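Report on the following structure.
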Amino acid sequence: MKNIIKLTLLFILFVGCNSKVKKEANIENEDIEYVDLIGKFKRLELEKHSFLKDSFNLNYKNYKPEKRILGNIKPFLDKNISIKIIMGTWCDDSRLLVPQFLKVMDKLRFNKRKIELIGLDNEKKSPDNYHEIYDIINVPTFIFYREEKEINRIVEITIETLEKDIFSILSDSGYENAYYGF
């Protein structure tokens with residue numbers, strides 16, 4: 001009997017984790033709907049998302065980019081640079097690093113139209129196969145392009161700091177992400 005209960009609970013947990021719409025309890029123990037952003041979406045959708053906006057604003061506000069490194073990056077951010085951010089709104093690393101990354105880009109006054117946001121589900125997939133198109137192994141993944149050709153990417157975690165990793169990528173200093181060679 002105990003095994004049946006355990007299997008039933010495991011099944012419910014598995015089904016709940018894979019659904020596109022999740023229920024989360026708020027402070028008053030009322031259920032609120034949480035919908036993952038999947039596919040291409042606008043930055044404003046991330047900033048205004050009912051479940052994500054607080055963590056986005058907090059992580060954006062509290063991040064303090066190194067001004068000296070920002071000054072080093074600026075000359076490399078020409079009109080030929082574009083960036084794709086592939087993330088999961090369900091992912092703690094994405095909820096931390098994406099707002100911080102966007103703050104760095106805002107401080108650099110990088111053209112917001114040159115940044116594309118793409119959301120994956122909790123299996124790191126999307127209906128439009130972005131996970132395959134961009135060869136995604138973990139999220140968030142920040143892909144840097146020069147003249148529409150990939151030059152490098154930050155995958156899931158930084159090696160040093162966001163600014164130092166970005167500088168290393170854009171200055172072609174031999175940056176290797178945490179999963180390089182896997």
Side-chain angles (χ1 to χ4, degrees), residues 20 34-65 69-70 73-74 76-171 175-180 182:
K20 299 274 188 262
Y34 167 57
V35 180
D36 285 324
L37 296 173
I38 298 174
K40 292 182 181 182
F41 62 91
K42 305 260 185 242
R43 178 175 170 170
L44 189 59
E45 292 177 80
L46 182 63
E47 292 173 353
K48 301 294 182 190
H49 191 281
S50 61
F51 183 73
L52 301 171
K53 66 182 176 187
D54 292 338
S55 66
F56 179 94
N57 291 330
L58 184 67
N59 290 324
Y60 183 94
K61 178 184 171 197
N62 289 340
Y63 191 66
K64 308 291 183 223
I69 306 299
L70 292 177
I73 295 170
K74 189 73 173 159
F76 294 99
L77 283 177
D78 59 41
K79 65 180 181 177
N80 297 315
I81 299 296
S82 61
I83 302 164
K84 290 194 189 313
I85 301 174
I86 293 91
M87 64 176 291
T89 53
W90 46 268
C91 169
D92 290 339
D93 293 326
S94 292
R95 290 195 305 256
L96 174 68
L97 288 176
V98 171
Q100 293 175 350
F101 183 88
L102 292 172
K103 183 166 189 175
V104 169
M105 293 294 111
D106 289 349
K107 290 283 185 188
L108 291 165
R109 297 178 192 255
F110 186 68
N111 185 344
K112 292 177 180 164
R113 288 175 284 173
K114 301 282 227 151
I115 299 174
E116 186 173 25
L117 292 160
I118 300 171
L120 302 182
D121 67 18
N122 60 352
E123 293 177 359
K124 297 181 215 149
K125 295 181 179 177
S126 74
D128 296 317
N129 292 320
Y130 293 120
H131 58 289
E132 291 176 0
I133 293 167
Y134 300 112
D135 196 24
I136 301 302
I137 56 172
N138 281 321
V139 291
T141 297
F142 305 89
I143 308 174
F144 295 81
Y145 295 88
R146 182 174 286 120
E147 297 178 359
E148 299 183 30
K149 182 178 186 266
E150 183 176 338
I151 53 177
N152 213 325
R153 57 178 65 193
I154 297 171
V155 180
E156 189 181 22
I157 58 175
T158 59
I159 301 303
E160 293 189 64
T161 65
L162 277 169
E163 308 84 87
K164 288 179 181 177
D165 287 11
I166 292 166
F167 175 71
S168 184
I169 287 170
L170 294 175
S171 65
Y175 178 82
E176 293 180 0
N177 68 60
Y179 297 92
Y180 180 79
F182 282 95

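Not measured: the values here are computed from a predicted model.
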Measure the NZ-CZ distance between K149 and F144 for me, rounded to the nearest 0.5 Å.
-> 16.0 Å
To the nearest 0.5 Å, how far apart are CG in N57 and CG in L52?
-> 10.5 Å
Polar side-chain atom of D78 near backbone of N80 as donor-acceptor pair, under 3.5 Å | yes
Point-to-point distance, once rounded to the nearest 0.5 Å, from CG of N59 to CG of L97 = 8.5 Å
Looking at side-chain heavy atoms only, is the closest gap between I166 and F142 below 4.5 Å?
-> no
Is the shortest heavy-atom distance from the side chain of I136 to the side chain of Y130 under 4.5 Å?
-> no
Which atoms form the tightest heavy-atom contact between S55 and R95, and what is the distance?
-> OG-CD, 4.0 Å
Kindly give the heavy-atom pair with the smallest separation between C91 and V139, and that separation in Å.
-> SG-O, 3.7 Å
Output the distance between atom CD (E156) and atom OH (Y179), rounded to the nearest 0.5 Å.
-> 3.5 Å
Flag the pair H49 / L37 as yes when at least one side-chain heavy-atom distance between them is below 4.5 Å, and no otherwise.
-> yes
Between L77 and I81, which heavy-atom pair has the shortest distance, and what is it?
-> CD2-CG2, 4.0 Å
Under 4.5 Å between any side-chain heavy atoms of L162 and P65, yes or no?
-> no
Note, N177 side chain near I154 side chain (heavy atom, < 4.5 Å) | no
Interatomic distance, NZ@K40 vs CG@L117, rounded to 0.5 Å, equals 11.0 Å
K84 side chain near Y134 side chain, heavy-atom distance below 4.5 Å = yes
F167 versus I73, closest heavy-atom pair with distance = CB-CG1, 3.7 Å
Are any of the side-chain heavy atoms of D92 and L96 separated by less than 4.5 Å?
-> no
Mark yes or no for whether D121, through its side chain, and E123, through its backbone, hold a donor-acceptor pair below 3.5 Å.
-> yes
Could you tell me which non-hydrogen atom of S168 sits nearest to which non-hydrogen atom of Y175, and how far apart they are?
-> OG-CB, 3.3 Å
So, for I133 and D128, which heavy atoms are closest and what is the spacing to 0.1 Å?
-> CD1-O, 3.6 Å
Contacts of E150 meeting salt bridge (Lys or Arg N to Asp or Glu O under 4.0 Å) (sequence neighbours excluded), chain-then-number -> R153
What pairs of donor and acceptor atoms, side-chain ones from residues 101-115 against any protein atom, are under 3.5 angstrom apart with sequence neighbours left out?
from	atom 1	to	atom 2	distance (Å)
K103	NZ	Y60	O	3.2
K103	NZ	K61	O	3.1
K103	NZ	Y63	O	2.8
D106	OD1	R43	NH1	3.0
D106	OD2	R43	NH1	3.4
D106	OD2	R43	NH2	2.6
D106	OD2	Y60	OH	2.5
N111	OD1	R113	N	2.9
K114	NZ	K79	O	2.5

Quick one: does L170's side chain get under 4.5 Å of I151's, heavy atoms only?
-> yes
Of V98, N138, V155, I118, the one forming a side-chain contact (heavy atoms from CB on, under 4.5 Å) with I86 is I118
CD1/I169 to CD1/I143 distance, rounded to the nearest 0.5 angstrom?
-> 10.5 Å
Looking only at atom types and distance, does a side-chain atom of D165 sit under 3.5 Å from a main-chain N or O of I159, one as donor and one as acceptor?
-> yes
